[in-house]
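Here is the structure we will look at, set down as structure tokens.
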Amino acid sequence: MGSLASERKVVGWAARDATGHLSPYTYTLRNTGPEDVVVKVLYCGICHTDIHQAKNHLGASKYPMVPGHEVVGEVVEVGPEVSKYGVGDVVGVGVIVGCCRECSPCKANVEQYCNKKIWSYNDVYTDGRPTQGGFASTMVVDQKFVVKIPAGLAPEQAAPLLCAGVTVYSPLKAFGLTAPGLRGGIVGLGGVGHMGVKVAKAMGHHVTVISSSSKKRAEAMDHLGADAYLVSTDAAAMAAAADSLDYIIDTVPVHHPLEPYLSLLRLDGKHVLLGVIGEPLSFVSPMVMLGRKAITGSFIGSIDETAEVLQFCVDKGLTSQIEVVKMGYVNEALERLERNDVRYRFVVDVAGSNVEEDAADAPSN
Ligand SMILES: NC(=O)C1=CN([C@@H]2O[C@H](COP(=O)(O)OP(=O)(O)OC[C@H]3O[C@@H](n4cnc5c(N)ncnc54)[C@H](OP(=O)(O)O)[C@@H]3O)[C@@H](O)[C@H]2O)C=CC1
Ligand SMILES: O=C/C=C/c1ccc(O)c(O)c1
Ligand SMILES: [Zn+2]
Ligand SMILES: [Zn+2]
């Protein structure tokens with residue numbers, strides 16, 4: 001157990017408005033509670049959700065907002081009732097940092113579906129303070145929402161698994177889609193999608209990437225190990241692949257037609273929506289009736305599944321494909337991510353950056 005420090009000032013990079021531009025911001029962390037773990041952030045991945053949130057795509061953003069929910073750090077202090085972690089442990093924090101612990105999803109250990117869940121940023125903690133994410137020097141997190149990074153995983157490699165990795169792993173398990181030999185489609189080869197290819201291949205699936213362009217074909221086939229590649233606008237190739245897939249993992253972050261993808265599913269095929277899209281998607285009912293197809297969705301994964309996917313990646317020798325950048329590059333990284341110019345996940349080297357750069361000039365709370 002480490003010593004209990006009082007409230008501490010930290011610097012994170014925050015968006016102040018819907019431009020989504022991040023700049024240094026000083027704020028105060030809560031005291032270390034009995035079950036809290038103080039985490040010195042080492043690395044934090046950049047998820048497309050960080051863009052949705054920073055730019056207020058869902059209309060519920062509050063500023064200043066420090067994004068970042070693929071956090072890997074080192075434990076520097078623990079509260080007196082922390083049993084699972086000790087100072088020096090390398091740990092991960094993801095999208096959720098609180099839940100009610102009483103509802104049926106909480107009792108079933110799928111706390112990501114708790115209606116009282118607390119998001120790691122753009123939310124309010126039990127003490128009334130805004131939650132702030134991982135583009136910051138330090139976070140204080142309840143031990144329940146912390147996972148140990150297993151030996152054999154480099155911390156920067158582990159970061160994307162805490163959101164992207166578990167987000168594809170969870171629905172494959174929940175929908176009974178883990179058997180070898182299944183045929184899966186991954187729509188959108190970005191941060192989540194590239195982990196989809198890797199995880200599905202490691203489960204022994206035949207994996208088709210369905211992309212908006214042919215630009216990623218060679219990498220998908222040669223480096224990620226995909227078995228087939230379709231360009232979604234190539235009507236002939238899409239028609240030739242009709243009725244061939246058991247499932248589709250759809251990671252596209254913008255409005256898109258579903259029908260071209262639904263036609264790729266075979267009997268009882270499942271279209272799993274993962275992208276966060278604030279506009280209605282549409283399809284005609286025969287597209288699902290004639291084939292008993294299901295359109296469903298999935299939200300990250302549980303803490304248990306997060307620990308599981310980390311170990312799965314160690315066991316299968318999976319790594320994420322990342323570009324490591326410094327904090328000073330975060331705004332360019334966000335712009336590049338938004339224009340689909342990253343292979344496949346940016347990870348910010350937080351501890352190796354001067355997070356406090358320009359902090360003296362920035363407004364604080
Ligand atoms: N359900 C959940 O729990 C989670 C949801 N998400 C959401 O999933 C979505 C994907 O996240 P992430 O993988 O980080 O995003 P990325 O930007 O890394 O990947 C999205 C991919 O979608 C394709 N795409 C098609 N049209 C567009 C467009 N107009 N702009 C950008 N990309 C486009 C691109 O692939 P290609 O070039 O192959 O067409 C792109 O690489 C986001 O909406 C995110 O919020 C993320 C994590 C968890
Ligand atoms: O990246 C992780 C979070 C994804 C997410 C899914 C659904 C939703 O409504 C969000 O606001 C975020
Ligand atoms: Zn995410
Ligand atoms: Zn609950």
Side-chain angles (χ1 to χ4, degrees), residues 44-55 57-58 67-71 93-96 98-121 133-134 144 159-171 174 185-197 208-217 219-220 224 226 229-233 249-257 272-278 296-302 305-306 320-323 333-347:
C44 186
I46 308 181
C47 176
H48 206 109
T49 300
D50 296 324
I51 297 175
H52 293 315
Q53 297 283 23
K55 293 199 162 184
H57 287 172
L58 296 173
H69 59 246
E70 291 184 338
V71 187
V93 180
V95 174
I96 299 298
C99 67
C100 83
R101 300 167 196 239
E102 288 166 1
C103 68
S104 119
C106 282
K107 285 191 171 143
N109 291 325
V110 283
E111 64 286 335
Q112 72 273 31
Y113 296 112
C114 172
N115 286 331
K116 293 181 181 164
K117 65 186 165 295
I118 302 176
W119 302 74
S120 48
Y121 66 87
K144 180 177 171 62
L161 307 180
L162 299 163
C163 177
V166 73
T167 295
V168 292
Y169 183 81
S170 177
I186 305 290
V187 184
L189 194 57
V192 177
H194 96 288
M195 285 313 305
V197 176
T208 300
V209 168
I210 307 150
S211 183
S212 57
S213 78
S214 58
K215 287 182 203 156
K216 301 174 185 172
R217 184 188 299 271
E219 303 157 36
L224 298 177
Y229 189 98
L230 289 171
V231 177
S232 54
T233 49
I249 297 284
D250 181 344
T251 78
V252 175
V254 292
H255 186 276
H256 57 288
V272 184
L273 288 166
L274 297 181
V276 177
I277 300 160
T296 183
S298 185
F299 174 56
I300 50 168
S302 65
E305 287 169 329
T306 307
S320 50
Q321 189 170 326
I322 57 174
E323 182 174 338
L334 286 164
E335 280 164 26
R336 282 182 51 195
L337 175 61
E338 195 163 22
R339 58 172 195 262
N340 197 0
D341 177 24
V342 53
R343 304 291 188 272
Y344 286 93
R345 198 56 134 192
F346 285 113
V347 174

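Order of listing sets the numbers, starting from 1, for every ligand and every atom in it. The first residue in the sequence is number 1, and the count goes up from there.
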Worksheet item: Considering distance alone, does some N or O of V252 sit under 3.5 Å from an N or O of ligand 1?
Response: no
Item to complete: Just need the protein heavy atom nearest to atom 39 (O) of ligand 1, so name the residue and atom and give the distance.
Response: S212 OG, 2.6 Å
Worksheet item: Roughly how far, to the nearest 0.5 Å, is the CG atom of N340 from the OG atom of S211?
Response: 7.5 Å
Discussion item. Between C163 and T49, is there a side-chain heavy-atom distance shorter than 4.5 Å?
Written reply: no
Response to the item:
Of N340, I210, I300, the residue with the heavy atom nearest atom 40 (C) of ligand 1 is N340
Worksheet item: Under 4.0 Å from ligand 1, counting heavy atoms only, is it the side chain of V276, its backbone, both or neither?
Response: both
Worksheet item: Taking side chain as C-beta onward, heavy atoms only, is Y229 less than 4.5 Å from T208?
Response: no
Worksheet item: S213 near ligand 1, heavy-atom distance under 4.0 Å?
Response: no
Worksheet item: At what distance is the nearest protein heavy atom to atom 36 (P) of ligand 1, and which residue and atom is it?
Response: S211 OG, 3.3 Å
Worksheet entry | Protein contact of atom 27 (C) of ligand 1 - nearest heavy atom, named by residue and atom, plus distance | V254 CG2, 4.0 Å
Worksheet item: For atom 45 (O) of ligand 1, what is the nearest protein heavy atom, given as residue, atom name and distance?
Response: T49 OG1, 2.6 Å
Worksheet item: Is it true that some N/O/S atom of C114, main chain or side chain, lies under 2.8 Å from the Zn ion (ligand 4)?
Response: yes
Practice prompt. Specify the protein heavy atom at minimum distance from atom 22 (O) of ligand 1: its residue, its atom name, and the distance to 0.1 Å.
Written response: P253 CD, 3.4 Å
Discussion item. For atom 13 (O) of ligand 1, what's the nearest protein heavy-atom neighbour? Residue, atom name and distance, please.
Written reply: V192 N, 2.8 Å
Worksheet item: Mind checking whether L189 has an N or O less than 3.5 Å away from an N or O of ligand 1?
Response: yes
Discussion item. Pairing donors with acceptors under 3.5 angstrom, does anything connect the side chains of Y344 and E323?
Written reply: no
Discussion item. With heavy-atom distances below 4.0 Å as the criterion, list the atoms of ligand 1 near C163.
Written reply: 47 (C), 48 (C)
Discussion item. Judged on heavy-atom distance to atom 6 (N) of ligand 1, which of L274, T251, V168 sits nearest?
Written reply: L274
Discussion item. Can you confirm whether the side chains of E305 and S170 place a donor and an acceptor under 3.5 Å from each other?
Written reply: yes
Worksheet item: S120 side chain to G133 main-chain N or O, any donor-acceptor pair under 3.5 Å?
Response: no
Worksheet, complete the sentence: the protein heavy atom lying closest to atom 19 (O) of ligand 1 turns out to be G190 CA, 3.3 Å
Worksheet, complete the sentence: In this structure, CD1 of I322 is separated from CD1 of I46 (nearest 0.5 Å) by 11.5 Å
Worksheet item: Looking only at protein heavy atoms, which one is nearest to atom 42 (C) of ligand 1, and how far off is it?
Response: H52 NE2, 3.5 Å
Item to complete: Could you name the option among K215, E70, M195, K216 that has the heavy atom nearest to atom 37 (O) of ligand 1?
Response: K216
Practice prompt. Considering only NZ, NE, NH1 and NH2 on the basic side and carboxylate oxygens on the acidic side, decide whether E111 and R101 come within less than 4.0 Å.
Written response: no
Worksheet item: Do any of the N, O or S atoms of C47 sit under 2.8 Å from the Zn ion (ligand 3)?
Response: yes
Worksheet item: How long is the span from the CZ atom in R217 to the CG atom in L230, to the nearest 0.5 Å?
Response: 8.0 Å
Fill in: Contact atoms of ligand 1, heavy-atom distance to R345 under 4.0 Å
12 (P), 14 (O)
Fill in: Separation between OG of S302 and OH of Y169, rounded to the nearest 0.5 Å
9.5 Å
Fill in: C100 atom SG and C103 atom SG as seen from the Zn ion (ligand 4), angle to 10 degrees
110°
Worksheet item: Would a 4.5 Å heavy-atom cut-off, applied to side chains only, mark R339 and R336 as touching?
Response: yes
Worksheet item: If we only count heavy atoms from C-beta on, is the E70 to R345 side-chain gap below 4.5 Å?
Response: yes
